[in-house]
Amino acid sequence: MNTFGETLTKIRKAQEMTQATLAKKMTECGFSTSANMVSKWEINYAVPSVLQFFTLCKILKIDDINAAFDVTANSDNPYSTLNEKGRARVKEYIQLLSKDKQFSSVIDN
């Protein structure tokens with residue numbers, strides 16, 4: 001299984017896009033991004049926020065995130081392979097998703 005950065009690099013290069021071009025497109029979408037930041041994502045030194053990630057997927061025309069990033073749901077505890085920083089990021093994503101009525105199980109009366 002490839003890392004996030006390896007997958008991002010592969011998809012970006014398959015579209016013949018430079019890190020600078022990807023950074024420019026991210027900035028045009030409202031996320032001030034440099035080629036240096038894209039490089040950090042690709043070497044797994046940093047990870048994008050959830051909103052940056054979804055924007056990356058849009059720019060790179062990734063329709064099936066699970067397939068593109070080889071996400072599997074085979075573990076009974078998906079947190080088990082994550083370090084503290086990873087678990088904190090998952091919690092951040094969950095909080096963002098729970099604020100969206102489309103993904104929330106809370107019913108407003």
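This one's a predicted model, so the numbers in the text were calculated from it and none came from an experiment. Side-chain atoms are counted along with the backbone in the values below, which use heavy atoms only and exclude waters and symmetry mates.
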Out of curiosity, Q52 CD to I59 CD1, how far, rounded to the nearest 0.5 Å?
-> 10.0 Å
Within the distance-only criterion (no hydrogens, no angle test), does the side chain of N44 pair as donor or acceptor with the backbone N or O of G5 below 3.5 angstrom?
-> yes
Would you say the side-chain atoms of R89 pair up with the backbone N or O of V50, donor to acceptor, closer than 3.5 Å?
-> no
Would you give the length of the straight line joining atom CD1 of I62 to atom CD of Q15, rounded to the nearest 0.5 angstrom?
-> 7.5 Å
Connected via hydrophobic side-chain network under 4.5 Å: I65 and L56 = yes
Is a donor on one side and an acceptor on the other found under 3.5 Å between the side chain of T55 and the backbone of L51?
-> yes
For C57 and F69, which heavy atoms make the closest approach, and how far apart are they?
-> SG-CE1, 4.2 Å
Starting at CG of N2, measure out to OG1 of T9 and round the result to the nearest 0.5 Å.
-> 9.5 Å
Rounded to the nearest 0.5 angstrom, the CG-NZ distance for L97 and K99 is 11.0 Å
Taking the side chain from T27 and the backbone from T33, do they hold a donor-acceptor pair closer than 3.5 Å?
-> yes
Nearest heavy atoms of A46 and M37, plus distance in Å = CB-SD, 4.5 Å
With hydrophobic residues grouped by side-chain heavy-atom distances under 4.5 Å, do M17 and I43 end up in a single group?
-> no
Can you say whether the rings of F53 and F4 are parallel (under 30°), tilted (30 to 60°) or perpendicular (over 60°)?
-> tilted
May I have the step-by-step check of salt bridge (charged side-chain N to carboxylate O under 4.0 Å, His left out) for E28 and K25, ending in yes or no?
-> CA-CA 5 Å; E28 289 170 355; K25 290 177 181 275; 5.8 Å; no
About how many Å separate NZ of K13 and OG1 of T18, when rounded to the nearest 0.5 Å?
-> 11.5 Å
Could you pull out the closest heavy-atom pair between Q102 and D100, with the gap in Å?
-> N-OD1, 2.9 Å
Looking only at heavy atoms, the pair that brings W41 and L8 closest together is CB-CD2, 3.8 Å
If you look at every heavy atom in A35 and A23, which pair is closest and at what distance?
-> N-CB, 3.5 Å
